[in-house]
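In what follows, chains are A, B, ... by sequence order, proteins preceding strands, each numbered from 1. In this text the structure is predicted, and so the values were computed from the model without any measurement.
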4 protein chains.
Amino acid sequence: MAIALELFSNRGFHATSVDDIIGAAGVAKGTFYLHFNGKSDILMMIIDSYLAKIYSSLLDLDISMDKPVEDMKRMYYDVTDFFMNFPDMKRFIKLMLRDAIASDEVIKSKVNNYFSQIIGMSSGYIKKAQREGRVVASIDPRACAVSIIGGVKELLYRWAVLEEDLDVRRCVATMVDLFFRGMLV
Amino acid sequence: MAIALELFSNRGFHATSVDDIIGAAGVAKGTFYLHFNGKSDILMMIIDSYLAKIYSSLLDLDISMDKPVEDMKRMYYDVTDFFMNFPDMKRFIKLMLRDAIASDEVIKSKVNNYFSQIIGMSSGYIKKAQREGRVVASIDPRACAVSIIGGVKELLYRWAVLEEDLDVRRCVATMVDLFFRGMLV
Amino acid sequence: MAIALELFSNRGFHATSVDDIIGAAGVAKGTFYLHFNGKSDILMMIIDSYLAKIYSSLLDLDISMDKPVEDMKRMYYDVTDFFMNFPDMKRFIKLMLRDAIASDEVIKSKVNNYFSQIIGMSSGYIKKAQREGRVVASIDPRACAVSIIGGVKELLYRWAVLEEDLDVRRCVATMVDLFFRGMLV
Amino acid sequence: MAIALELFSNRGFHATSVDDIIGAAGVAKGTFYLHFNGKSDILMMIIDSYLAKIYSSLLDLDISMDKPVEDMKRMYYDVTDFFMNFPDMKRFIKLMLRDAIASDEVIKSKVNNYFSQIIGMSSGYIKKAQREGRVVASIDPRACAVSIIGGVKELLYRWAVLEEDLDVRRCVATMVDLFFRGMLV
DNA sequence: TATGAATGAGAGTTCATTCAT
DNA sequence: GATGAATGAACTCTCATTCAT
């Protein structure tokens, strides 16, 4: 799976053949199909395994908004560091943001659901904060969540897929500033 | 090209064969290759043609930031309406945000360059506004532009690809509020 | 036809498409098929036209063997010069010795018949010379003719197709020496 | 490969499709491409295999010219018999003298190089014999070699490609008479 | 005479998947 | 568990030829 992830993220899922994978892994065709149901299956298993790891790692994170902006910034720094240092995370993000989107129906919906879930969760937090008077009432929570997740995805896309030389930590700081305080003076 | 766009946006670029296109168009194989150099070529031509149309339509738009927030909101409404009403725009956005990203190297770089250009432009506007004291100085202009474009892309993705039932106009309003004023009370 | 000959001899008959020909000639597809029945037809017409020219030019040549070797050598020099200087002859030889051999059944048999005819003629001359006691009786006239024509073809092949830097005149001299010293009583 | 050789020699390389080959062989398309890289590849492998066989079979042959003409004649008879009796040799010669010449650049140069090498070798033998005073000094060794190889090729072409009813042994005898009476002092 | 858009049979090639060993 | 030869449907692309204008 590690080898497949490497090949998928380098050449793209479609441009990687099962032959490429078994060649790099040094096993026979039959062995591959002994462990996976097919090319899509290994992609799915990679995604499942990573999403599980990410999920469990983020579980104990308190991402509610009832703390000062500086505290939240610090928390997001921690999440960022976690992502940046997770082994092969760059490759996995490449896979999620580039390949998964244009593949199997099952995989597509899995990935889309994942992001939709995150948006739902964020949206829920914002709604709660609105009820508690901490967030402007006129804002549409879902649109807000979409904005935030979109911003993060774009940042990760530029970092992982386009390999742009970004200062990810600084970008995260800006995003926190931006979403919590806005641009205008 | 219209037929190809329809098929690409419905089934995805990879899942659409040249046979599918000529079948739907009612022409022979040779006719297809008389007009296009291949499957990638027709995708490229579709993209080029739409990007040109969009570019020329947005040319006369004054998107600088030296006007009241309400005025900018109105302007973004206009752009939104333009996009929503442009024929087949939903299909084209599907193509751009889902298929183009995982295809030909040439097409990929064309699309990525396009978005990078937009980010560069936005970034420039923000810098200018910072110099004129209208935007908070501490904000990183590029990270800010990445956030905004990412937010817009995510919104369009959910509207066009996932076919979510969003009130796009309302989302745009929220985004303008969000980026210009922030969430917190 | 001159353009087709050029293309055929440069790229080979199979690797040259009708599109290549009309492109180089600056006429439309229809125009091509107005004058020729197809790709094979133009090859045939080129071959016919050259063979006719060669035939008529060689008609008045006295190639019988009832003269001293030095006279015959001089005569073969003349033939050689005629071939070397004939416009586009190198191209035509390329066509005959490389492309015609692996094309249409009709063309193939035309070219093979042509060489067979030459062999038949040579064979006849040798037989006559044997009867007149000028050529060794034990020699098989046809095998002898095959040898001579084969030698000449190989020389022309190396000159025209392989573009070897041969002194064709000197080679012809050697061949005359070789065959006549071998054949003559 | 035997089946391909048969088809190539019957219909010609260009007129034989991969479908023809797999149809005759009773295997699937994929099986063909499992063993060969393509249509040109199988031609190349056939040629390589035959040339290797021929080369190894001729290695232990003493083809120098320091023996009486009758001995050489006997030796050439042996070579002739070897060729005549080698399984599928007629087909292979057809391939070499008709198809290889108008195909892939790589194959073409392989075959041309092969004949050039033979000419070079013959030329060397003649030169040596000239130094030893056994062959007329005025003769150009290379032109002589070209003549001989050309003669042999023409003979083989008529036997294998045109399927002429030749007494190959007798023709060889004539050629030996012809060339040696011509060359020898 | 000249045009060139349209044709479509057929080519070579790929690759995910199977299954007897 | 492991193998890898065999599969064949599906793919992209070519090109000689036609015919309405």
Task: Touch class at under 4.0 angstrom, heavy-atom based, for C/Thr31 against every strand present - done: base
TODO: Quickly work out the C/Phe36 CZ to E/dA2 P distance and round it to whole Å.
DONE: 12 Å
Task: Pair A/Lys29 + A/Asp19, salt bridge at N-O below 4.0 Å - done: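 Looking at A/Asp19 together with A/Lys29, the answer is yes, because their closest N to O distance falls below 4.0 Å.
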TODO: Could you tell me whether the phosphate oxygens of F/dG1, OP1 or OP2, come under 4.0 Å of any side-chain nitrogen or oxygen in A/His35?
DONE: no
Open item on the list: Let's see if you can work this out: which of F/dG4, E/dG4, E/dT13 has an atom nearest to the side-chain heavy atoms of C/Lys29?
Closed with: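 So the nucleotide nearest the side chain must be E/dG4.
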Open item on the list: Reading DNA chain F from 5' onward, which residue's closest nucleotide shows up sooner: C/Asp19 or D/Phe32?
Closed with: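 Checking each residue's closest nucleotide, the 5'-ward one belongs to D/Phe32.
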Task: Comparing D/Ser17 and C/Gly30 on DNA chain E - which has the more 5′ nearest nucleotide - done: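 Closest to the 5' end, via its nearest nucleotide, is C/Gly30.
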Task: Salt bridge B/Asp99-B/Lys94, side-chain N to carboxylate O under 4.0 Å - done: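 No, this pair does not count.
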- [ ] Tell me what D/Gly38 touches on the nucleic acid: a base, only sugar-phosphate, or nothing, going by heavy atoms under 4.0 Å.
- [x] sugar-phosphate
- [ ] Would you indicate which nucleotide in F/dT12, E/dA6, F/dA16 comes nearest to any side-chain atom of B/Leu34?
- [x]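 Given the options F/dT12, E/dA6, F/dA16, the side chain of B/Leu34 is closest to E/dA6.
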TODO: Send over the distance from A/Ile22 CD1 to E/dT18 P, rounded to a whole Å.
DONE: 15 Å
TODO: Using modelled atom types only, decide if a donor and an acceptor are shared between the side chain of A/Ser116 and the backbone of A/Asn112 within a distance under 3.5 Å.
DONE: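 Pair found, side chain donor or acceptor close to backbone of A/Asn112.
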TODO: Take A/Lys110 and A/Asp104 through the test salt bridge (charged side-chain N to carboxylate O under 4.0 Å, His left out) and record every step on the way to the result.
DONE: CA-CA 10 Å; A/Lys110 162 157 269 146; A/Asp104 224 50; over 6 Å; no
Task: Secondary-structure string, 5' to 3', Watson-Crick or G-U under 3.5 Å, | for another-strand partners, for DNA chain F - done: .||||||||||||||||||||
Task: Between P of F/dA9 and CG of B/Asp20, the distance in whole Å - done: 17 Å
Open item on the list: Rounded at 0.5 Å granularity, tell me how far CG in D/Asp48 sits from CE in D/Met1.
Closed with: 8.5 Å
- [ ] Apply the test salt bridge (charged side-chain N to carboxylate O under 4.0 Å, His left out) to residues C/Glu163 and C/Arg158: give CA-CA distance (whole Å), side-chain angles for both, the deciding distance (0.1 Å), then the verdict.
- [x] CA-CA 6 Å; C/Glu163 310 250 23; C/Arg158 300 196 153 262; over 6 Å; no
Open item on the list: For the CD1 atom of D/Ile42 and the CZ atom of D/Phe8, what is their distance to the nearest 0.5 Å?
Closed with: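 Taking CD1 in D/Ile42 and CZ in D/Phe8, the distance rounds to 5.5 Å.
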TODO: Output the residues of residues 2-15 of chain A in contact with DNA chain E, where contact means a heavy atom of the residue under 4.0 Å from an atom of the strand; sort by number or write none.
DONE: none
Open item on the list: At less than 4.0 Å, is any side-chain N or O atom of A/Tyr33 found next to OP1 or OP2 of E/dT17? Yes or no.
Closed with: yes
Task: Flag, side chain of A/Asp20 to backbone of A/Ser17, donor-acceptor distance under 3.5 Å - done: yes
Open item on the list: Quick check for you: among F/dT7, F/dA16, F/dT12, whose closest atom lies nearest to any side-chain atom of D/Val27?
Closed with: F/dT7
TODO: Kindly say whether, by distance alone, the side chain of C/Lys39 makes a donor-acceptor pair under 3.5 Å with the base of F/dT17?
DONE: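 Result: no qualifying N/O pair found.
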Task: Minimum-distance pair of heavy atoms, taken over all atoms of B/Thr16 and B/Lys39 - done: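 Heavy atoms of B/Thr16 and B/Lys39 come nearest at O-NZ, 2.8 Å.
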